[in-house]
Amino acid sequence: PKRRLRVCVATCNRADYSKLAPIMFGIKSHPDEFELEVVVLGSHLIDDYGNTFRMIEQDDFDIGSKLHTVVRGEDEAAMVESVGLALVKLPDVLQRLHPDILVVHGDRFDALALATAAALMNIRILHLEGGEVSGTIDDSIRHAISKLAHYHACCTRRAEQHLIAMCEDHSRILLAGCPSYDKLLVSHHREDYMDIIKSWLGDKVKENDYIVALQHPVTTDIQHSIKIYGLMLDALLSFNKKTLILFPNIDAGSKEMVRVMRKKGIEQHHNFRAVKHIPFEQFIQLVCHAGCMIGNSSCGVREAGAFGTPVINLGTRQTGRETGENVLHVRDADTHNKIYHALELQFGKRYPCSKIYGDGNAVPRILKFLRAIDLEEPLQKTFCFPSVKDCISQDIDHILETQSALAVDLGGTNLRVAIICMRGKVVKKYTQPNPKTFEARMELILKMCRDAMRDAVRLNCRILGVGVSTGGRVNPQEGVVMHSTKLIKEWSSVDLRTPISDALHLPVWVDNDGNCAALAEKKFGHGKGVENFVTVITGTGIGGGIIHHNELIHGSTFCAAELGHIMVSLDGPECSCGSHGCIEAYASGMALQREAKRLHDEDLLKVEGMDMKLSEPITAAHLINAARLGNSKAEAVLNKACTALGVGIVNILHIVNPSMVILSGVLASYYQAPVQHIVSQRALFSAQSIKVVSSDLEEPALLGAASIVLDYATRRLY
């Protein structure tokens, strides 16, 4: 059977307990699936705040740990010390309980301590009520907890949008609604509500004819909070209605607020009842049937809306939150008169019930979400950052130096190295014949790279890395050439990354020439901004690269996009790969040169008007020239080559269906029109309109090798 999920719920004060209790009851009612641990800390354990941990015991929960974490002093320093004290005490408790999930609520400093401890101890965190905005320091703390939390159960659509905008993973966000609403919507139809109201406000009180007041300090502006509190009390005194006033919470500034209250004689006044704590169920009845609620408690903007109770929200503590139409804001509560007017406007009204914060089914949703958590999946969070536009940053280094790459191209004939800058300009190029042996080749690569590095300093180019393009099959993850083409001898199972990286102290990337040509088109050529395209190189051999969803396809054994070895005939001429009927055996420069030689040997290449020195080596160019001048044998050879290449490309269109085919290499301009013609004749109807274009890039292999460096080394996605 599946192991039970150990869920630890940590509660710090009466407010968060009202949200957590419904979840705790839910977890407790499924003992076969969940194991509940309860940790109590913060102001629950303080006498001045009514020792509210007793309500948890009355609800019949076993408290696993009580942590005294509050440093008295009710000022900013005391809040910070309380966080520190909680951080000192929590590790022991969390180690002992060893929960799978820690459930944390809201935006209090105690919750920040909990989340910090759990995150550092690799315990998964489910954060309730993330993504909301109230307009105080609480926002910073709430968002900080969201960053530490692995899972989120939020209350409103907008909160969900905020979390997504904060780069949290959408699949780990649950739009649950507020758990306290599960209780609210069930319990506010109690028969005995008048008894509850009378027990707190006396027998003479009538429904909708009293006020509930609850004002907390705003810790970023304590003096202002105290002033508003005084004005609110004055307005309530002159408004002359029965008023239930709750003591403020534990934040910095609460002591001074209580002093103001005592100075005005509120506790002795016949209209007022001042209390430290009311059980949530009873408090809900009081809010539900009040003529008005005043202050800056989140209860006013959240819970009161469910009953349509009029609310006056004073100051800035809740201004960012979504509210129903029942809330009247007095943002700048600077006169007794303004607050008095607000009371006149709101008192005794009734508003439609608002469901912004929930529909009463949060707990079943949260339990379902908990069941779905996969403890096997990695704990490390991943953030979903939006794509960042390339910004050309104006750092002095960038102005003085051009960020560049060293590109190396290993061809069948030549070995070339170039310095290439961000914009794809070849700043300087070096060419040598490619040596026949491995040792000589490696030595020459390193020598040419060192020369280029020296020149780069003089040319004011900052080399970010080395990109190598080579023929053959390459494992780009390891930087190893696995199997070479026939053209390059002694070039299989070669680790290129290590020796070059060791010699030059730079990162090195390696890929094959076909893939590099595709990357070059993607960054600098026709493929810019195209999500799916294929590049085919028609040079000495035939190769290519496939870009699918903006990514290069390497394949499971790095053999993807070996386009030269697409077979277009069951027998056909022999190919350099040892097989028969490959496109390369028909349409590559080598194949055309072979046919040209054959015709020449049979003396069939001559045409009227062809000025041909027989001494020079015969190449594909002679064949194309002869065909232009009307040599029917040469034409037949070239037709076959075009057809083979065209049919091969039709096969590619039918497999990956790119939006464009880019021909690159020396024969590209010759093949472009015939291939486009064959596509329009032989491809399936949906693929006939796909464009075949010939590349405008001078140096695809070098530019592609450089693009890997420029994209990776500057951390841009490629």
Side-chain angles (χ1 to χ4, degrees), residues 387 473-474 476 511-539 541-570 572 575 577 579 581-588 641-665 667-697 700-701 703-704 707-708 711 717-718:
S387 53
R473 246 77 57 236
V474 173
D511 213 327
N512 84 356
D513 46 7
N515 287 342
C516 285
L519 291 175
E521 296 297 338
K522 180 170 167 23
K523 192 165 174 70
F524 305 114
H526 291 305
K528 211 172 186 174
V530 181
E531 207 176 318
N532 303 298
F533 69 89
V534 172
T535 301
V536 182
I537 307 181
T538 50
I542 286 184
I546 299 172
I547 300 277
H548 185 65
H549 291 322
N550 293 318
E551 295 286 341
L552 203 48
I553 294 184
H554 283 106
S556 60
T557 57
F558 310 107
C559 199
E562 281 294 342
L563 307 179
H565 301 292
I566 289 177
M567 296 185 191
V568 288
S569 157
L570 294 179
C575 177
C577 70
S579 190
C582 300
I583 303 179
E584 190 170 287
Y586 286 103
S588 65
C642 290
T643 308
L645 181 62
V647 169
I649 285 173
V650 168
N651 289 338
I652 298 167
L653 301 186
H654 291 170
I655 296 168
V656 283
N657 194 214
S659 47
M660 176 191 288
V661 175
I662 302 170
L663 299 180
S664 156
L667 296 166
S669 52
Y670 175 75
Y671 279 135
Q672 186 268 325
V675 167
Q676 182 79 75
H677 180 65
I678 288 164
V679 168
S680 62
Q681 277 189 319
R682 295 205 180 193
L684 288 172
F685 181 70
S686 317
Q688 285 174 6
S689 57
I690 294 171
K691 284 268 166 292
V692 178
V693 297
S694 84
S695 172
D696 297 337
L697 301 179
L703 286 172
S707 83
I708 314 181
D711 285 343
L717 295 170
Y718 96 81

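Below, all heavy atoms of this structure are taken into account, side chains as well, without hydrogens, waters or symmetry copies. Position 1 is the first residue of the sequence, and the numbers go up from there. Small disclaimer: the values here were computed from a predicted structure and weren't measured.
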Where do Lys528 and Lys523 land on the side-chain contact (heavy atoms from CB on, under 4.5 Å) test, with the steps shown first? CA-CA 6 Å; Lys528 211 172 186 174; Lys523 192 165 174 70; over 6 Å; no
Non-hydrogen side-chain atoms of Ile649 and Val679 separated by less than 4.5 Å: yes
Do the non-hydrogen side-chain atoms of Lys522 and Asp711 ever get within less than 4.5 Å of each other? no
Taking every heavy atom of Tyr671 against every heavy atom of Ala587, the minimum-distance pair comes out as OH-O, 2.7 Å
For Gly544 against Leu563, the heavy-atom pair lying closest together: CA-CD1, 3.8 Å
Heavy-atom closest pair, residues Gly564 and Cys582: O-CB, 3.4 Å
For residues Ile537 and Pro700, determine if any side-chain heavy atom of one lies less than 4.5 Å from a side-chain heavy atom of the other. no
Partner of Asn515 under side chain to side chain contact (heavy atoms under 4.5 Å, CB included), picked from Thr535, Ile547, Val474, Leu552, is Leu552
Counting C-beta onward and ignoring hydrogens, is there a side-chain heavy-atom pair between Glu562 and Asn512 closer than 4.5 Å? yes
With His548 as reference, evaluate Ile553, Val534, Asn657 under the side chain to side chain contact (heavy atoms under 4.5 Å, CB included) test and give the passing residue. Ile553
Is atom NE2 of His654 surrounded by more than 12 heavy atoms (other residues, nucleotides or ligands) closer than 6.0 Å? yes
Is there a donor-acceptor contact under 3.5 Å from the side chain of Thr538 to the main chain of Ser664? yes
Side-chain contact test, heavy atoms from C-beta onward, threshold under 4.5 Å: evaluate it for Val536 versus Val661 and give yes or no. yes
How many angstroms lie between CD in Gln672 and NZ in Lys691, if you round to the nearest 0.5 Å? 9.5 Å
Using modelled atom types and a 3.5 Å cut-off, is there a donor and acceptor pairing between side-chain atoms of Gln676 and backbone atoms of Val692? yes
Taking the side chain from Glu521 and the backbone from His526, do they hold a donor-acceptor pair closer than 3.5 Å? yes
Quick one: closest heavy-atom pair of Ser588 and Ile542, and the distance? N-CD1, 3.8 Å
Taking atom CG of Leu703 and atom SG of Cys516, what is their separation to the nearest 0.5 Å? 10.0 Å
Could you tell me if the side chain of Pro658 sits less than 4.5 Å from the side chain of Leu653, heavy atoms only? yes
Derivation and outcome, side-chain contact (heavy atoms from CB on, under 4.5 Å), residues Ser569 and Tyr586: CA-CA 10 Å; Ser569 157; Tyr586 286 103; 3.3 Å; yes
In short, Gln688 meets Ser680 closest at the heavy-atom pair CD-O, 3.4 Å
Locate the shortest heavy-atom distance separating Phe533 from Ile662; write the atom from each residue and the value. CD1-CD1, 3.7 Å
Within the structure provided, determine whether His554 and Pro476 are in side-chain contact (heavy-atom separation under 4.5 Å). yes
Heavy-atom check, side chain of Ser579 versus side chain of Met567, under 4.5 Å: yes
What distance separates Ile652 CD1 from Ile546 CD1, expressed to the nearest 0.5 Å? 6.5 Å
Roughly how far, to the nearest 0.5 Å, is OH of Tyr670 from CG of Leu663? 13.0 Å
